[in-house]
S.K.: 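So that we are looking at the same thing, I have put the structure below in structure tokens.
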Amino acid sequence: MSKLALSIYGDKVLREKGEEVDDFGEKIRYFFDNMVETMIVEGGVGLAAPQVGVSRRIAVVNPEPENEKTLIRMANPRIIATSDETETMEEGCLSIPGIRGDVIRSRAIEVLYQDEEGKEYKLEAEGLLARIIQHEIDHLNGVLFIDHLSTAKKLLIKPKLRKLREGR
Ligand code: NI
């Protein structure tokens with residue numbers, strides 16, 4: 001396994017809509033392995049393919065980084081239901097280092113996804129796991145957590161974002 005280079009805010013790929021996966025098998029398995037390795041090394045709880053420069057609908061999530069059993073590999077994840085109840089929690093993103101902010105998201109979701117072999121799963125998630133999945137699916141649509149911040153907070157982080165963009 002090898003660690004992949006992270007895309008940082010300002011990289012165009014972070015704003016692109018990822019392509020569906022239909023070529024399951026060896027190559028996708030290998031890519032998932034490298035995504036997991038990268039997430040672990042970078043200390044994240046989730047990672048989406050655009051964050052390593054690949055515009056495809058692939059993400060890995062693990063709310064408990066130390067626990068291999070809670071790791072989920074998702075291809076083509078799709079939210080099919082959301083709770084009316086929302087929750088506010090502070091988020092960050094490996095592609096936007098140094099910035100954190102409160103994001104309102106659905107407290108619970110139902111999601112469909114495929115594994116590295118193309119097998120389909122349905123998952124009901126809530127709390128932190130639901131939040132991470134929503135954050136990663138946003139990435140697959142070119143959406144970043146900073147897009148969800150309040151207008152005041154957006155203004156506040158503007159200079160930092162400019163620095164990130166220019167410092168790439
Ligand atoms: Ni992120």
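On a predicted model such as this, the values are computed, not experimentally measured, just so you know.
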S.K.: Without swapping roles, check the side chain of Arg15 against the backbone of Gly142 for a donor-acceptor pair under 3.5 Å.
M.R.: yes
S.K.: Just by distance, no angles: are the side chains of Asn141 and Arg57 close enough, under 3.5 Å, to form a donor-acceptor pair?
M.R.: yes
S.K.: Tell me whether Ser95 contacts the main-chain N or O of Tyr9 through its side chain, where contact means a donor paired with an acceptor under 3.5 Å.
M.R.: no
S.K.: Step by step, work out the side-chain contact (heavy atoms from CB on, under 4.5 Å) result for Leu123 and Leu112.
M.R.: CA-CA 6 Å; Leu123 172 72; Leu112 290 178; over 6 Å; no
S.K.: Under 6.0 Å from the CD atom of Glu90, do we count more than 12 heavy atoms belonging to anything else shown?
M.R.: yes
S.K.: Taking atom CD of Glu166 and atom CG of Leu161, what is their separation to the nearest 0.5 Å?
M.R.: 11.0 Å
S.K.: So, Asn67 side chain and Lys69 main chain: donor-acceptor pair closer than 3.5 Å or not?
M.R.: yes
S.K.: Would you mind reporting whether Asp23 and Arg56 have side-chain heavy atoms less than 4.5 Å apart?
M.R.: yes
S.K.: What are the two closest heavy atoms between Phe145 and Gly101, and how far apart are they?
M.R.: CE1-N, 3.8 Å
S.K.: Do Met89 and Ile109 belong to the same hydrophobic cluster, where Ile, Leu, Val, Met, Phe, Trp and Tyr are linked whenever their side-chain heavy atoms lie under 4.5 Å apart, directly or via other members?
M.R.: yes
S.K.: Working to the nearest 0.5 Å, report the span between CD1 of Ile157 and CG of Leu149.
M.R.: 5.0 Å
S.K.: What do the steps show when you test Glu117 against Phe24 for side-chain contact (heavy atoms from CB on, under 4.5 Å), and what is the final call?
M.R.: CA-CA 5 Å; Glu117 315 298 339; Phe24 294 99; 5.5 Å; no
S.K.: Do Phe32 and Lys27 have side chains that approach each other closer than 4.5 Å (heavy atoms only, starting at C-beta)?
M.R.: no
S.K.: Do Asp102 and Thr88 get their side chains close enough for a donor-acceptor pair, meaning under 3.5 Å?
M.R.: no
S.K.: Quick one: does Asn76's side chain have a donor or acceptor within less than 3.5 Å of a partner on Val21's backbone?
M.R.: yes
S.K.: When you group the ILVMFWY residues by side-chain heavy-atom contacts below 4.5 Å and let the links chain together, are Val61 and Val52 in the same group?
M.R.: no
S.K.: Let me know which of Glu91, Glu126, Glu136 forms a salt bridge (charged side-chain N to carboxylate O under 4.0 Å, His left out) with Arg131.
M.R.: Glu91
S.K.: Report the C-alpha separation of Glu37 and Lys3 in whole Å, then their side-chain angles, then the decisive distance to 0.1 Å, and conclude whether the salt bridge (charged side-chain N to carboxylate O under 4.0 Å, His left out) test is met.
M.R.: CA-CA 6 Å; Glu37 173 80 3; Lys3 183 190 156 313; over 6 Å; no
S.K.: Residues in side chain to side chain contact (heavy atoms under 4.5 Å, CB included) with Lys12, at least two apart?
M.R.: Glu16
S.K.: Is it possible for you to say whether Ile96 and Ile8 belong to one hydrophobic cluster, with membership spreading through side-chain heavy-atom contacts below 4.5 Å?
M.R.: yes
S.K.: Output the distance between atom CD1 (Ile146) and atom CZ (Arg100), rounded to the nearest 0.5 Å.
M.R.: 14.0 Å
S.K.: Tell me whether Asp147 at atom CG has more than 12 heavy atoms from other residues, nucleotides or ligands lying less than 6.0 Å away.
M.R.: yes
S.K.: Would you call Ile133 and Tyr113 a side-chain contact if the rule is heavy atoms closer than 4.5 Å?
M.R.: no
S.K.: Using the test side chain to side chain contact (heavy atoms under 4.5 Å, CB included), find all partners of Ser150 that sit at least two apart in sequence or belong to another chain.
M.R.: Ala152, Lys153
S.K.: To the nearest 0.5 angstrom, please state how far the CD atom of Glu26 sits from the CD atom of Glu116.
M.R.: 10.5 Å
S.K.: In terms of heavy-atom contacts, does CG of Leu128 have more than 12 from other residues, nucleotides or ligands at under 6.0 Å?
M.R.: yes
S.K.: Taking atom NZ as the centre, does Lys163 end up with more than 12 heavy-atom neighbours from other residues, nucleotides or ligands that are less than 6.0 angstrom away?
M.R.: no
S.K.: Is the side chain of Ser106 donor-acceptor paired with the backbone N or O of Thr82 at a distance under 3.5 Å, no angle test?
M.R.: no
S.K.: If we only count heavy atoms from C-beta on, is the Leu94 to Met39 side-chain gap below 4.5 Å?
M.R.: no
S.K.: Are Ile132 and Leu71 grouped together when hydrophobic residues (ILVMFWY) are joined by side-chain heavy atoms under 4.5 angstrom apart?
M.R.: no
S.K.: For Ser83 and Arg107, indicate whether the former's side chain and the latter's backbone hold a donor-acceptor pair under 3.5 Å.
M.R.: yes
S.K.: Could you tell me whether Glu68 atom CD has more than 12 heavy atoms of other residues or ligands within 6.0 Å of it?
M.R.: no
S.K.: Mind checking the CD1-CG spacing from Ile28 to Asp22? Nearest 0.5 Å is all I need.
M.R.: 8.5 Å
S.K.: Enter the distance from Leu4:CG to Asn34:CG here, rounded to the nearest 0.5 Å.
M.R.: 5.0 Å
S.K.: I'd like to know whether Ile58 forms a side-chain contact (heavy atoms from CB on, under 4.5 Å) with Leu140, so could you lay out the CA-CA distance, the side-chain angles of the two residues, the decisive distance to 0.1 Å, and finally the verdict.
M.R.: CA-CA 8 Å; Ile58 293 174; Leu140 307 185; 5.8 Å; no
S.K.: For the backbone of Ala130 and the side chain of Gln134, can you confirm whether one donor and one acceptor N or O come within less than 3.5 Å of each other?
M.R.: yes
S.K.: Determine whether a donor-acceptor pair (N or O, by modelled atom type, separation under 3.5 Å) exists between the side chain of Lys122 and the backbone of Glu110.
M.R.: no
S.K.: Measure from the side-chain N and O atoms of Asp11 to the backbone N and O of Leu14, and report whether any donor-acceptor pair falls under 3.5 Å.
M.R.: no
S.K.: Any ion pair linking Asp33 and Arg73 (charged N to carboxylate O, less than 4.0 Å)?
M.R.: yes
S.K.: Does the side chain of His135 reach to within under 4.5 Å of the side chain of Arg105, using non-hydrogen atoms?
M.R.: yes
S.K.: Taking atom types as modelled, is there a side-chain donor on Asp138 or His148 under 3.5 Å from an acceptor on the other?
M.R.: yes
S.K.: Donor-acceptor check, side chain of Ser55 to backbone of Pro50, threshold 3.5 angstrom: yes or no?
M.R.: no
S.K.: Crowded around Arg78 CZ? As in, over 12 foreign heavy atoms under 6.0 Å?
M.R.: no
S.K.: Can you find a heavy atom in the side chain of Leu47 that is under 4.5 Å from one in the side chain of Val36?
M.R.: no
S.K.: List the steps and the verdict of side-chain contact (heavy atoms from CB on, under 4.5 Å) for Leu129 and Ile72.
M.R.: CA-CA 10 Å; Leu129 179 60; Ile72 309 174; 4.2 Å; yes
